[in-house]
Number of protein chains: 2
Amino acid sequence: MNTPKKRAFKARLFGEFARIGKALGNPHRLQLIEVLAQGERTVEQLAEDVGSPVANVSQHLQVLKAAMLVSVRREGLYARYSLADPRVFRAWQALRDLGQARLSEVDAVVAEYLGDRSKFEAVDAAGLRRRLEDVVVLDVRPRSEFEAGHIRGARSVPHDELAARLRELPKDVEIVAYCRGPYCVFADEAVAALRAKGYRARRLAEGYPDWRLRGFPVATGGERG
Amino acid sequence: MNTPKKRAFKARLFGEFARIGKALGNPHRLQLIEVLAQGERTVEQLAEDVGSPVANVSQHLQVLKAAMLVSVRREGLYARYSLADPRVFRAWQALRDLGQARLSEVDAVVAEYLGDRSKFEAVDAAGLRRRLEDVVVLDVRPRSEFEAGHIRGARSVPHDELAARLRELPKDVEIVAYCRGPYCVFADEAVAALRAKGYRARRLAEGYPDWRLRGFPVATGGERG
DNA sequence: CGGCTATTCAATAAGATTATTGAATAGCCA
DNA sequence: TGGCTATTCAATAATCTTATTGAATAGCCG
């Protein structure tokens, strides 16, 4: 193959890949991906979750769909969106890890809103897995997300119920709280609340989708907690 | 943390991640990343490699630098750029895999320029690794890239020397050719040329950076081939 | 110093992306 | 059928991105 032809090939090929990059190049769309990593959602639910007007969210979903990152299932009045492929979460994860590692602004923003998290050192997924039998695992996401899938053995205590249900938790066993992702605030808040009351608590560094992607044990539905 | 504050937090945080997405959202920049995954380059070398004007490449490099994806080392007149972190390649890889899996256009473009590659079934990295002792591994990249790092035991036969050096290669042993990446045309051309002359040849599905990232055996410098 | 080279900067015009708004569609239910 | 709801479409203005051009900078070498 000669050079101009090869150039055209590369240009077109990389143009296709760049479509995906472009789709990932917007904060709202990344938020949508993070929410969708928890499971299927309607447009309205997404709009509620990310705090944008519905028309706006719909527009961003069209972009994600055009890049083949999400798929829709229509059910009566509702359009139920979900991630089209586990690789979509993988790509977001790669991007997120890169940002966390390289952008000092990420640290700065996290520190400004959550304070210095390093003092409550987090457990990573591999570490939790090893100690799964020795700790109480607390899922602080909304119950519907827990039911759609959770760390095996975890208890569902949605963040807004935690204060009222503290007495269910043991003080002599370490508690590991987790949430949607590494930047999900509920887990941090739960840890802070628990520590304030004398519990031994830490957060899982990552979120449920990260855990599942590693192939670590999960369960669905059920009542526990 | 209350909801408006949480919203602001998420917006700023995801805004940071989106900076990286944006930087990955342009075909030229993705090409630059692919070339830089082979090793350090000056602006002029990059311009030559991707076939764009130097000022243009410089501008894109500024964008990549602002997103902390590349770093520069200044040496006299030259600015030597390289990937700032192995995670940058990982992110590009995630994006590439996603595109390959999900975008039918990728298949279409590849088929249009390279024909249907599936008939020469490629070896994947894990497969090659297992059979490393049983095949001849052919590095068809320019010699300087081979010297900067190659699959351990590989022979350097740059694509433009292959025709003249066919006789060095054995006909009774399978030959596995590799290149910069899964879409690097030289490996396909080498396989086609070898097969046409009666050699048993296949290509490695991925490229050298993928091999190295997996932690498979590599070597640098040296003469072999 | 003056000439040379690699790189960056600056300005611009064309094009793409985004939020916002209000209207259109399409399925449910009475 | 008509009313209701979830979603999408369409149009617009404001804001980014990009390729192109030519000038500016900064280090080398004689």
A.B. asks: My understanding is that a pair needs two contacts under 3.5 Å, Watson-Crick or G-U wobble. By that rule, which nucleotide pairs with D/dA23?
C.D. replies: C/dT8
A.B. asks: Identify which nucleotide among C/dT7, C/dA19, D/dA6 has an atom closest to any side-chain atom of B/Ser58, counting heavy atoms from C-beta outward.
C.D. replies: C/dT7
A.B. asks: Is A/Glu147 reaching over with its side chain to a backbone N or O of A/Ser144, donor-acceptor style, under 3.5 angstrom?
C.D. replies: no
A.B. asks: Without decimals, in angstroms, what is the distance between B/Asn26 CG and C/dG15 P?
C.D. replies: 17 Å
A.B. asks: Looking at A/Gln38, A/His159, A/His150, which one forms a side-chain hydrogen bond (donor to acceptor under 3.5 Å, both in side chains) with A/Arg141?
C.D. replies: A/Gln38
A.B. asks: Mapping A/Leu61 and B/Glu75 onto DNA chain D by nearest heavy atom, which one lands closer to the 5' end?
C.D. replies: A/Leu61
A.B. asks: Using heavy atoms to find the nearest nucleotide of DNA chain D for B/Gln59 and A/Thr42 separately, return the residue whose nucleotide is more 5′.
C.D. replies: A/Thr42
A.B. asks: So which one's nearest nucleotide on DNA chain C is more toward 5', A/Leu77 or A/His28?
C.D. replies: A/His28
A.B. asks: For A/Arg74 and D/dT8, is the shortest distance between a side-chain N/O and OP1 or OP2 below 4.0 Å?
C.D. replies: yes
A.B. asks: Whole angstroms only, please: what is the NZ-P distance between A/Lys65 and D/dT7?
C.D. replies: 12 Å
A.B. asks: If I take atom CD in residue B/Glu48 and atom P in nucleotide C/dT7, what distance separates them, rounded to the nearest angstrom?
C.D. replies: 13 Å
A.B. asks: Tell me if the centroids of the rings in B/Tyr183 and A/Phe17 come within less than 6.0 Å of each other.
C.D. replies: yes
A.B. asks: Starting at NE2 of B/His60 and ending at P of D/dT20, how long is that distance when rounded to a whole Å?
C.D. replies: 10 Å
A.B. asks: May I ask you to say what B/Arg29 touches in the nucleic acid, namely base, sugar-phosphate or nothing, with a heavy-atom cut-off under 4.0 Å?
C.D. replies: sugar-phosphate
A.B. asks: Using a cut-off of 6.0 Å, state whether more than 12 heavy atoms not belonging to A/Glu48 lie near its atom CD.
C.D. replies: no
A.B. asks: Taking B/Gln62 for the side chain and B/Ser58 for the main chain, is one N or O donor matched with an acceptor at less than 3.5 Å?
C.D. replies: yes
A.B. asks: Once you round it to whole Å, what is the distance between C1' of C/dC9 and CD of B/Gln62?
C.D. replies: 9 Å
A.B. asks: Whole angstrom is fine here: how far is it from OH in B/Tyr81 over to C1' in C/dA6?
C.D. replies: 11 Å
A.B. asks: Looking at C/dT17, C/dA19, D/dT8, which one has an atom nearest to any side-chain atom of A/Ala55?
C.D. replies: D/dT8
A.B. asks: Can you measure A/Arg80 atom CZ to D/dT5 atom P for me and round it to whole angstrom units?
C.D. replies: 17 Å
A.B. asks: In whole angstrom, what separates A/Leu64's CG from C/dT18's P?
C.D. replies: 10 Å
A.B. asks: Of the candidate nucleotides C/dT17, C/dT20, D/dT17, which contains the atom at the shortest distance from the side chain of B/Lys22?
C.D. replies: D/dT17
A.B. asks: Would you indicate which nucleotide in C/dT17, D/dT20, D/dT8 comes nearest to any side-chain atom of B/Asn56?
C.D. replies: D/dT20
